[in-house]
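A quick write-up on the structure given underneath.
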Amino acid sequence: MKKLLQLLATFTAITAIIISCSKEEPTPEPIKYTLSVSAGTGGSVSTTGGSYEAGASVSVTATPNAEYEFTGW
């Protein structure tokens with residue numbers, strides 16, 4: 001009876017270890033967005049854009065030509 005209890009305890013421990021082990025989930029591909037930036041007549045912008053991951057910060061500076069004024073996006 002004692003050996004049966006030891007065998008049962010060992011089996012239970014091994015089963016618990018197997019169940020607690022899990023397969024790693026693959027890392028999902030990051031979400032990317034494409035930004036296109038262009039200036040109209042009378043100025044320029046600091047970037048033409050590109051492909052950026054979700055959550056990334058992108059700085060864009062607008063520079064007016066002489067005799068022009070930047071008024072907003």
Side-chain angles (χ1 to χ4, degrees):
M1 182 72 165
K2 190 174 185 179
K3 284 189 177 189
L4 181 61
L5 289 176
Q6 287 177 337
L7 182 62
L8 183 59
T10 303
F11 177 76
T12 303
I14 291 171
T15 303
I17 291 170
I18 291 172
I19 290 172
S20 67
C21 294
S22 65
K23 194 176 185 183
E24 279 191 37
E25 293 293 322
T27 304
E29 290 291 320
I31 297 172
K32 291 192 172 193
Y33 296 97
T34 300
L35 174 67
S36 297
V37 181
S38 63
T41 303
S44 63
V45 288
S46 60
T47 182
T48 57
S51 181
Y52 303 95
E53 287 188 14
S57 293
V58 180
S59 294
V60 180
T61 303
T63 305
N65 291 342
E67 299 182 19
Y68 284 86
E69 183 179 317
F70 178 74
T71 59
W73 296 107

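The model shown is predicted, which means the values in this text are computed figures rather than measured ones.
- Summarising the local packing, CZ of F70 is surrounded by more than 12 heavy atoms from other residues, nucleotides or ligands at distances under 6.0 Å.
- You'll find the side chain of E69 stays beyond 4.5 Å of the side chain of P64, heavy atoms only.
- Hydrophobic cluster membership differs between Y68 and V37, with clusters built from Ile, Leu, Val, Met, Phe, Trp and Tyr side chains linked at under 4.5 angstrom.
- At least one side-chain heavy atom of L35 sits less than 4.5 Å from a side-chain heavy atom of V58.
- When all heavy atoms are compared, the tightest approach of S46 to S59 is OG-O, 4.0 Å.
- Rounded to the nearest 0.5 Å, atoms CD (E29) and CD1 (I31) are 11.0 Å apart.
- In the hydrophobic clustering of this structure, Y33 does not group with W73; members are Ile, Leu, Val, Met, Phe, Trp, Tyr whose side-chain heavy atoms approach within less than 4.5 Å, directly or through other members.
- Across all their heavy atoms, V45 and A39 have their closest contact at N-CB, 4.1 Å.
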